[in-house]
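Please read through the structure below; I'll follow up with questions.
On a predicted model such as this, the values are computed, not experimentally measured, just so you know.
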Amino acid sequence: MWIFCLICLFSGVNLANVHSPFDLEIISIIPCNISVGVALPFTGAALRVAEDAVNAEFLGRLNLTVTLLYQETDRVCEDTDAHAPLLLAEYYNKKALGRCVAVVGSACGGLSIAPFLAKEWDVLLFSNSLVASTSISPTVSPTSIGMVASYESIAASLLNLFRIFQWFHVTMLLDAAAATDFYFQVCQSTKTLLLTEQFSDFRVDGTRFTLADTPSVHEALKFANARSRVFVMMSHTSVAIKLMRFLKTDRLFIPGDQVFVVLQPTQQAAYGAVSLFDNPDVFDVELFRSTLYLTTYVATGGGFPKLNQQLAAKSQELYGTALQTGLQPLDVYLIRETYNSVRLFAALVNDSLDSQPWDNNTIHSADSVCGGGRLRSLMTNRTFRFPSGPVFIDANGYRHTDLLLYTFHPKTLSFQVVSRYDAILQRYLWDQDVSIEWLTGKPPLDIPPCGFSGNEGPCLPQDFARQNLLAVLLAVLSVIFITTMPLLIHRKLRNASREETWWILHHPVVNALEKRTTSI
């Protein structure tokens with residue numbers, strides 16, 4: 001009897017100190033049926049793989065679930081931008097209020113409104129794609145985290161590259177029919193940066209075109225050629241290549257005089273990989289040797305084969321999708337940062353639980369443990385170690401994204417990496433073993449000797465020069481005429497006055513003679 005009571009007593013003590021796993025939830029507002037790299041067919045597997053990894057690592061302590069919210073009929077980002085915040089607000093108020101939750105979203109999916117909802121609810125929001133700095137900032141959205149850089153930082157990397165080569169006249173050619181708003185957002189951010197003192201010495205023009213509208217293409221190229229020699233192709237890589245060919249067909253391409261810049265957020269098929277430039281025809285070689293290809297840099301993709309295999313297998317299982325040959329899931333920041341968002345949320349909740357006692361899943365414990373402001377304070381200026389690699393979040397709530405610069409190598413007939421842009425240092429780190437194979441052995445000038453029109457300075461046509469010389473002579477003669485004419489008129493009037501009024505000067509003498517004659 002006493003033994004039984006003793007067992008009961010100790011069993012009671014043990015039961016009193018055993019907690020059920022702490023529930024937490026990731027709410028995804030990432031779109032599904034939209035042809036962009038951030039959509040669930042590419043990033044959804046990262047949510048599920050991370051969910052399994054968290055529940056295995058924190059078995060008995062954390063219980064993570066992932067909920068997907070998206071409108072099945074959405075086909076473009078504008079639709080998702082309108083529907084995602086409504087779906088999120090309805091779900092949160094009906095099912096997630098008072099629970100430990102975080103939101104994962106993308107630029108294509110309501111991030112113009114969602115950060116303000118997250119601030120109101122005091123929950124964390126992770127962006128797995130590039131966003132405008134106006135959407136995520138410590139003051140405007142203090143519970144939001146940019147797991148990728150802002151559009152402004154990408155635009156700054158472009159301008160910093162141009163400064164290296166002393167290119168201050170730039171034209172951006174924007175594809176109005178592009179499926180993603182990445183290109184438009186970078187153009188807008190560049191325009192904003194030009195208002196700052198740091199980049200006030202640049203002159204950047206922009207024009208739109210649509211590949212299906214051939215006249216608009218020709219007009220865009222003429223517009224660009226009349227204003228600069230640096231053309232930023234804000235379009236899919238395949239479209240950029242067609243633009244270059246148009247330029248050469250229109251006889252506007254001057255080898256060694258122009259440079260084409262292709263900027264892509266990733267090398268996914270939705271944007272166009274650098275491999276599209278490989279093994280060109282003879283017609284394209286000079287064009288490609290005049291091209292710089294800039295895209296996001298990942299140092300970890302090939303270093304984690306097991307995680308890459310898990311992500312690839314899950315993506316095939318859930319959505320039947322696969323990346324193009326040679327590209328690993330972790331090479332794509334959209335996939336990598338979706339995975340990291342889930343892992344980071346779980347790590348923060350675990351840290352928060354360690355710092356204060358909790359008793360099961362009460363509303364009070366969820367609020368105190370999982371408040372967005374509280375969790376954000378635990379992550380900034382800190383590096384986390386995950387199976388996907390290290391993750392550092394700065395004081396502004398951003399994880400910086402480095403870039404790789406590729407140029408064409410004539411021997412291999414393919415592009416090679418020549419530099420990496422360090423987003424924190426805001427500088428390019430050049431590979432000392434490779435160099436850019438410029439057509440003329442040196443980068444194009446900002447303003448060519450003959451000017452943008454080709455008819456300036458030493459390239460002035462002879463007949464045009466004669467016309468200019470004649471115009472100068474006429475101008476000089478006009479100045480001489482205008483200057484001397486008043487003097488000539490004045491002299492003429494003075495001489496005329498002497499001839500007509502000489503007798504007035506001798507009038508007294510005449511009068512004296514008249515008097516003398518009269519007296520006689």
For this session: Establish, from distance only, whether the side-chain atoms of Thr196 and Gln198 form a donor-acceptor pair under 3.5 Å.
Result: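 No, Gln198 and Thr196 have no side-chain donor paired with an acceptor closer than 3.5 Å.
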Exercise. Is any side-chain heavy atom of Leu405 closer than 4.5 Å to a side-chain heavy atom of Val417?
Worked result: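 No; the side chains remain at least 4.5 Å from each other.
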Problem set entry | Sub-4.5 Å side-chain heavy-atom contact between Lys119 and Ser144 |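 They are not in side-chain contact.
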For this session: Return each pair, listed once, that meets side chain to side chain donor-acceptor pair (under 3.5 Å) where at least one residue sits in residues 158-180; pairs must be two or more places apart or across chains.
Result: Asn160-Tyr421, Arg163-Asp201, His169-Asp446, Thr171-Ser228
Problem set entry | Side-chain donor-acceptor contact under 3.5 Å, Ser133 with Glu152 |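 The answer is yes; a qualifying pair exists.
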Result block: side-chain N/O donor-acceptor pairs under 3.5 angstrom for residues 53-60, not counting sequence neighbours:
residue: Asn55; atom: OD1; partner: Leu64; partner atom: N; Å: 2.7
residue: Asn55; atom: ND2; partner: Glu51; partner atom: O; Å: 3.3
residue: Asn55; atom: ND2; partner: Leu64; partner atom: O; Å: 3.1
residue: Glu57; atom: OE1; partner: Arg343; partner atom: NH2; Å: 2.4

Problem set entry | Distance-only donor-acceptor check, side chains Ser315 and Thr321, under 3.5 Å |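 Present: a donor and an acceptor within the cut-off.
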Exercise. Are Leu173 and Leu221 side-chain neighbours, meaning at least one heavy-atom pair lies under 4.5 Å?
Worked result: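 Contact flag for Leu173/Leu221 side chains = yes.
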Exercise. Can you tell if the side chain of Phe345 reaches within under 4.5 Å of the side chain of Glu25, non-hydrogen atoms only?
Worked result: no
For this session: Could you verify whether a donor N or O on one side chain and an acceptor N or O on the other, from Gln264 and Tyr183, lie under 3.5 Å apart?
Result: yes
Exercise. So which pairs with a foot in residues 122-132 pass side chain to side chain donor-acceptor pair (under 3.5 Å), sequence neighbours left out?
Worked result: Asn128-Thr338
For this session: Search all heavy atoms of Ala46 against all heavy atoms of Leu311 and return the closest pair with its distance.
Result: CA-CD2, 3.6 Å
Exercise. Taking C-beta and beyond as the side chain, do Leu158 and Leu294 meet within less than 4.5 Å on heavy atoms?
Worked result: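 Leu158 vs Leu294: side chains touch.
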For this session: Examine the side chains of Ser216 and Arg208 and answer whether a donor and an acceptor come within less than 3.5 Å of each other.
Result: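 Judged by distance alone, the side chains do not pair up.
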Problem set entry | Tyr70: ring pair (Phe, Tyr, Trp, His ring centres under 6.0 Å) partners, not counting sequence neighbours |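 Here no residue qualifies.
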Problem set entry | For the student: nearest non-hydrogen atoms of Ser141 and Pro115, plus distance |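 Looking at all heavy atoms of both residues, the shortest contact is CB-CB, 3.8 Å.
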Problem set entry | Pairs flagged by side chain to side chain donor-acceptor pair (under 3.5 Å) wherever residues 36-45 is involved - sequence neighbours left out |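 Non-adjacent pairs meeting side chain to side chain donor-acceptor pair (under 3.5 Å): zero.
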For this session: Would you tell me whether Arg374 and Ser355 have side-chain atoms, one donor and one acceptor, within less than 3.5 Å of each other?
Result: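 There is such a pair (donor and acceptor under 3.5 Å, judged by atom type) between the side chains of Arg374 and Ser355.
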Exercise. How would you list, by chain and number, every residue that makes a ring pair (Phe, Tyr, Trp, His ring centres under 6.0 Å) with Phe277, sequence neighbours excluded?
Worked result: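 Phe277 satisfies ring pair (Phe, Tyr, Trp, His ring centres under 6.0 Å) with Phe288, Phe415 only.
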